[in-house]
Every structure is written in structure tokens, then in C-alpha cells.
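Contents: one structure, followed by commentary.
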Amino acid sequence: MKRDLHALISQMTLEEKASLCSGASFWFTKPIDRLGIPAVMMTDGPHGLRKQSTNADHLGINDSVVAVCFPAACATASSFDTELMTKLGETLGNECQAEDISILLGPAVNIKRSPLCGRNFEYMSEDPYLTGQLATAYINGVQSQHVGTSIKHFAANNQEFNRMSCSSEVSERALREIYLSGFEQAVKAAQPKTVMCSYNKINGTYASENEWLLTKVLRDDWGFKGYVVTDWGAVSDRVKGIQAGLDLEMPASNGINDAKIVDAVKQGHLDERVLDCTVERLLQVLYSYVDNRNPHAVFDRDADHRTAVEMAAECAVLLENNGILPLHKNTKAAYIGSFAATPRYQGGGSSHINPSKVTSALETAQTKGRDITFVPAFSAEKDALLDHGLEDAVAAAKEAQVAVIFAGLPDSFESEGYDRKHMDLPAAQNELIAAVAAVQPNTIVVLHNGSPVVCPWANQVAAILEMYLGGQGVGEACDQLLWGEANPCGRLAETFPLRLQDTPCYLNFPGDGKKVHYAEDVYVGYRYYDSKEIPVRWAFGHGMSYTSFAYSNLTLSSSDLDDTSTLTVHVDVTNTGAVAGKEVVQLYVHDLTHTANRPYKELKGFSKVFLQPGETKTVTLQLTARDFSYWAEDLGDWFTPSGSYQILIGHASDEILLTEPIQFTTKKLLPLNISMSTTMGELLKDPRTAPVIQQMLAETSSGAAGNMMNSEDPSTRAMAQAMFFGLPLKSLASFGMTTPEQLNNLISALNQVLQ
């Protein structure tokens, strides 16, 4: 149905237009009954529906309808699987149609700047490229069902401490390359119906009234077509927000802010045409759902539970394995730890789902008749061993062939609303793991956590399986993986450092409560660890399998690339093991030009491929100039320096297996503003000004400075050349290289070639 929204808006009173700019209640927009404009509902996601009918809240305190809890983003990102993300989105979109929900609030794509951020379980990765690709697939999946998404939290919301007022102080380069890049990819490729602005300030301006963010970047640079909605209660100045590009305030302000909009128009402080544009965006999104409502959609909770189990198995990461896994079907195992019976499968806060059912690893093993004993040993809710828990666990481990310890973080350790204070597991669990490993060499640790933990016992156990917060199917998936009914294929979407003190932002997280300085700039996650050669426990992209893979025949479509061409990369992958499995091929770009202060390597492509034993497949990936570029602040654009680069293909960021060189040539030039402080090095590097300086050098080579630069003594020559490269124009006369008149002529010549 094609609607004439301009005609509809023309029938509205000023007050009616303003009324559409805020919610009617916690989850509903306002209707205008006389014009037939309905109210629609939105609800929290991103990994399940938190639909509330009464006692609504945005912190997961009150119950919601029974739904299906899928793996949280910390897990799904570890799938490195865009097809899985699309399927998750399609499933959630269908559930939304069945529950009459127009907007699902997700995905959450904020970068994992620090492992301490309390909401990291809901975020995808430390890497913006991976984040953007997975977010795009998720959005496309949800919106294929004519349900909108709300990509969040825009932007630089990377901590919970004072998130509603703190200012994230970030360079534009770090914003563009790291913190905005995931949003950019998803907006351009998937056009989410809405973008949710964050609570925090960005460089001193609230996101909700940041015109640079909401209009210049989001709409002008990226071409966003939908509307911007606040995080719940994120409005600062409502009129400034409208002018900046903020469309919908949620939940509402009891009419206070609506009245401010009306008054601003009447007083001439707000152009009514700006308000009309806001209303048009709101109506476009509203009717994209209303006109495609599917009243026949069915929320099949049992079928979706099975999907949740499949996804949890695909997302788990096998961190360590000395060959003990998979377990043989007749193995006598001791299951130790309360999480075996009551798994932690989701995080706390606004994404908290009321699950249709949760089946534990213990219950699943018992149902399948596995030979197991169970000792709860410790509390799942706090840092405490149960009475005789340690003794009973050690005794059970001695009697069994294998001890499987189900460890993890209690709900109270990580949640929306506050940040973690440390990266440790509960001390009681660490004590238990060490004691069991001391008497049972075949000790396996299964982790249930939403973010990295320190594992002081990692070298004393036989295997470690990271289940993350795997949703309501985590127990069944864990059973499949432990006993070889499924092959682990997840990869870490974040680095596990050896200790908190090694993290890039350790000295600058979470700030003083008023400001937080992103002093590490673009060096987030593996970009930092690889560049500084800091050892980590498990690297970004790491993950083991029950089979093995070999890489060969890396070929590039060309050895040269420029601003407009595309590079196609091919690599063969072979399953060299005895069982079927999936491998994640990762492509990184390494800059050898030394032009910019750049991370050692950056992920720019990945592909997950399924292989039978002995099977070989060719993986194909494509790159453009953007994949080699950085954000040049003086240019105000992306820039790829001419020079040499390397294509790196590997199994993980610390396991590069194949490399090929590539040469890049650009016609772009960075701006160069000549002043008395401009150095000789800057002028010699620029192809426009280099000939002028070279001519000057030829004319002055007989002077004292020239003699030093051409000295037969290596140390004298090196010193003179280094000093010359750093010599500003204003100092040329001091070294007898120019007269004042010659310097003026030189500057004129330089300016002339730059025109």
C-alpha cells in the first residue's frame, strides 16, 4: 500500500505532530485516532523477546511473556557465521510478528573496549569489521519479516559507570575506525528501521542532541533513512534533539517535552518543516510494519528452542584440548559445579528473557543415560563453596575417569547498570578447579560467562570449553559438544588477556565519572596486543576443533590495487582430520607503508566453511581501497597511502599461516598547509613539494649543512640527515641554507605547486 504521508501530515495540528515524537507508555508509541494512526509496540532484544504487558521497566526487573532465550551476542559473535545471524534474525522477526511487535531493540554493537564493561555480554566484539558484518546479517534477518530493528547504542557507550552523563572523549579517527564502523557497515548495507542513541556525551555533547553524530555522520555520510530513538530516558534538551536529528523520545515525559516542541515552533526557535521531516520518518517506519502485519505468524516455542540449541553448539569455543575431548560414550564422568544443574545462560538487565524452558547439561546427560555422578560443590549465585563441596568434588573426581567442572560468573558479577571490578572467577571456583585438577589429570572446565575471565589454572587442566551465555539451549548444546555429537567451531570475538593490567585502556577505564579518555585511540583489543607484542591467554579468532585443517594456494587477482579497483583473494582449505567440521578463515591486512600510526594488523574478511574429512574448498574474499585505509583527520576522509601491504590469512590473529604482498597506489593527496613550522621531511614526502626542496638542496649542497649531509663519516651523515628532516622552514636561515629573501621565494614556490 502506498501512502501519501505528506497529505497525512498536512492534516495534523502542531500538537499532534509533537505528540508523535514521544511514547504513549513504556513500550508503545502514541496513536492519533482521528487520523487513523495506530500505536505500535517495541520491545527489548536482541537475543529474545522481552515483551511486557504490565509493570513495565527497562532493566529486566519485572517479568515478561514466556519467550525463547537465544545465545547472547557474546556467544553469537563467536560463531563468525553470518548465516547463523540471519537465521537468528528471521526467527526473532517471526516471533515479533506473532506477538505484534513492530520494533525489536537490537542489535547492540558497541565495541568491547574493556573486558570490565558490565554489558559486554550483550555486545558482539572488540573488532568493528566482525561487528558490522554480523550486525548486518542480523538486521537483514529480522527486517525480512517486516519488523524493524533498533541498532544501538549510538555511540561510544562502552561502560556502565555513569553511562547517563559521562562524556566519552574520543578522537574522530578512533570514532570512525573503531566505535562507529560497525554502525556504518550495518546502516549502509541493511538500513535498520531505527537507530537508538546512547545516554552518554561524546566529546562534551549528549548523543541525543549531537548534530554531528545524528545528522552529519548518520544521515549525510551514511545515508540513513529511518528514525533515531532515544535509549529510555536519554533526552537532555528535547528541542536541541529535534534540531540535531533525534526523532522519538522513549518512553515519554508526561507531555512536558511535547509541549516544549510546540512552544519552540510557536516562538520561532524551531522550524516546523524540521518537525514535519521528523514526523514523516516516524510514520514511514510505523507503516512499514502496519502495512505488512502478518496475523498468521506463529510463535512455535518448541521449534525455536531447538534452533536455540543448534545455535549454542555453533557458538561455543573450544579454548584448550589435549585430546581428552570428545568424551567416549562409556566414559565415567564426574559433573562438578552448580552450573551443571542450573546453567547461567543469559545476562542481567534489559535483555533478560523469560525462557520457555531451560535444560541443563546434567539433565541432558541423565536423559541420555551417560555414566555420570554429580557434585554441586559451589553456589551458582555467590562466591562460596557448599558444605563439604571441595571434599566431595575431589572424591568424585578421583573415582571418575574424567572430571567436568561447570564454572562461570554468577549473575551478580556482570549485568547492565554496573561494570565489573575485576576479571576473576569467584575465588571458590578457582580453588575448586585447582584442587580437582591436582588429583584428576583429565579435568575439563566448562565456562558460563559473558566476558573474559582470568584462568590461573589453564595450564593444569586437560580441556576448556567456553559456552559463554549460550541461551536456554546451552545445556543440551554443551552435552553434544562434550560427547562428540557436535564439533566445536566457534572462535573468540574478543581477546582473553592474561591479566587486567595488560588491557589497552587499563589506566583510562572507566574515567572519573565526568569524562573518560579513550587514550588508547585505535589500539583496541588485538590491535593493541599484536602491535605491542603482549602475550595473551587466548587471542582474537582463537578456537579449536575435533578435526584439523590445512591452508594452501593463496592467490590474489592482482599484485596491484588502486582507489577504484577490487582485489579478489582465493585460498584453499582442506579438512585433514577424521571428522567433519567447520573452519573460520580470517583475512587481515598489514600496512608496511609506515605512513600512519596504524595497528599491526586488522581483520578485513572472514568466511566459515564446512568440510567433510579430506575435502578441500576454495574460499573467496574481496577487498577494496577502504579495507586498506585509515581515517585521515586532516583530510576528513578515508585515505590509503601508496606503498606496500600484506594480505595475511590465518586461523586466528596470532596464527597467520599464509601471506602475499600487494602494492597500493593512490591519486589522493593529504592536504599540506605551508607555514614556518612545516618541516623538510613533510615537504620531501609530498610529491608536489619534493622537487622544489630537492632543487633547493642541489643549490645549497656546497654549504656547511650540505657538507655534513654528504659527509663520509656515517654518524655525522646520519645525524645531519635526521636533523634536516625535522628542520622547520623557519630554521633554514639559522643554518646558512637560505637568506630571508630566498626563504620567501621558497615559500612562494611551495604554495604555487600546492594550488
Measure across [X] and [Y] and return the closest heavy-atom pair with its distance rounded to 0.1 Å.
X	Y	value
I151	P192	CG2-CG, 3.8 Å
G204	S167	N-OG, 2.8 Å
T503	Y528	C-CE2, 4.3 Å
V142	G148	CG1-O, 4.1 Å
S78	L492	OG-CA, 4.4 Å
A308	C69	CB-O, 4.1 Å

Treating [X] as the side-chain partner and [Y] as the backbone partner, does any N or O pair qualify as donor plus acceptor under 3.5 Å?
X	Y	value
Q159	P510	yes
K152	V109	no
Y199	C166	no
N203	V170	yes
Y506	S114	no
T194	T149	yes
N200	A155	yes
E466	Y468	yes
D512	K514	yes
H448	Y345	no

Please examine the side chains of [Y] and [X], heavy atoms only from C-beta on, and report whether any two atoms are closer than 4.5 Å.
X	Y	answer
P504	V524	no
L465	F406	no
P107	M124	yes
F28	V40	no
V68	T307	no
I103	Y227	yes
L134	T76	no
L481	M467	yes

Task: Candidate pair N354 and V65, rule side-chain contact (heavy atoms from CB on, under 4.5 Å), full reasoning - done: CA-CA 6 Å; N354 184 10; V65 300; over 6 Å; no
Do [X] and [Y] have side-chain N/O donor and acceptor atoms under 3.5 Å apart?
X	Y	answer
Q97	H146	no
N94	Q145	no
D304	T91	no
H305	E476	yes
D258	S22	yes
Y526	D127	yes
S125	E494	no
Q133	Q185	yes

- [ ] May I ask you to check whether Y529 and F540 place their ring centers less than 6.0 Å from one another?
- [x]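 When the ring centroids of Y529 and F540 are compared, they turn out to be at least 6.0 Å apart.
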- [ ] Compute the ring centroids of Y418 and F161, then answer whether they are less than 6.0 Å apart.
- [x]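 Distance test on ring centres: not under 6.0 Å, no.
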TODO: Look at atom NZ of K382 and say whether more than 12 heavy atoms of other residues, nucleotides or ligands are closer to it than 6.0 Å.
DONE: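 12 or below, so no.
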TODO: Could you grab the distance from atom CZ of F154 to atom OH of Y179, nearest 0.5 Å is fine?
DONE: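 It comes to 15.0 Å.
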TODO: Report the distance from atom OH of Y289 to atom CE of M41, rounding to the nearest 0.5 Å.
DONE: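 The CE atom of M41 is 10.5 Å from OH of Y289, to the nearest 0.5 Å.
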Could you check whether [X] makes a cation-pi contact with [Y], meaning its NZ or CZ is under 6.0 Å from the centre of the six-membered ring and within 45° of the ring axis?
X	Y	answer
R113	Y518	yes
R301	F299	yes
K112	Y123	no

TODO: Could you walk me through whether R344 and E414 pass the salt bridge (charged side-chain N to carboxylate O under 4.0 Å, His left out) test, one step at a time?
DONE: CA-CA 11 Å; R344 180 156 181 263; E414 53 182 353; 2.7 Å; yes
TODO: Apply the side-chain contact (heavy atoms from CB on, under 4.5 Å) test between H153 and each candidate in N110, N158, L105; give the one that qualifies.
DONE: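 Filter result, single survivor: N110.
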TODO: Take Q472 and S356, measure what side-chain hydrogen bond (donor to acceptor under 3.5 Å, both in side chains) needs, and give me the verdict at the end.
DONE: CA-CA 8 Å; Q472 67 183 58; S356 59; 2.9 Å; yes
TODO: Begin with the C-alpha distance, continue with both residues' side-chain angles, and end with the deciding distance and a verdict on salt bridge (charged side-chain N to carboxylate O under 4.0 Å, His left out) for E416 and R163.
DONE: CA-CA 10 Å; E416 179 180 356; R163 65 174 178 171; 3.0 Å; yes
TODO: Test salt bridge (charged side-chain N to carboxylate O under 4.0 Å, His left out) on R219 and D247 and set out the steps.
DONE: CA-CA 13 Å; R219 292 192 168 98; D247 301 302; 2.7 Å; yes
- [ ] Let me see the working for N140 and T86 under side-chain hydrogen bond (donor to acceptor under 3.5 Å, both in side chains), right down to the final yes or no.
- [x] CA-CA 7 Å; N140 281 333; T86 300; over 6 Å; no
Open item on the list: So that I can tick it off, tell me whether E310 and K87 are bridged by a salt bridge, with the cut-off set at under 4.0 angstrom between side-chain N and carboxylate O.
Closed with: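 E310 and K87: salt-bridged.
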TODO: Go through the steps to decide whether C478 and V446 satisfy the test side-chain contact (heavy atoms from CB on, under 4.5 Å), and finish with yes or no.
DONE: CA-CA 8 Å; C478 183; V446 176; 3.8 Å; yes
TODO: Any chance you could lay out the salt bridge (charged side-chain N to carboxylate O under 4.0 Å, His left out) test for R176 and E184, step after step, and finish with the verdict?
DONE: CA-CA 9 Å; R176 293 280 191 169; E184 179 187 4; 6.0 Å; no
- [ ] Name the orientation class of the two ring planes belonging to F80 and F606 (parallel below 30°, tilted from 30 to 60°, perpendicular beyond 60°).
- [x]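 Ring orientation of F80 relative to F606: perpendicular.
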Task: Check against side-chain hydrogen bond (donor to acceptor under 3.5 Å, both in side chains), T205 and N210 - done: CA-CA 6 Å; T205 302; N210 194 315; 4.7 Å; no
Task: L286/L20 under side-chain contact (heavy atoms from CB on, under 4.5 Å): CA gap, chis, key distance, verdict - done: CA-CA 11 Å; L286 182 147; L20 292 180; over 6 Å; no
Open item on the list: The test is side-chain hydrogen bond (donor to acceptor under 3.5 Å, both in side chains); show your working for E381 and S412 and say whether it passes.
Closed with: CA-CA 7 Å; E381 299 177 353; S412 61; over 6 Å; no
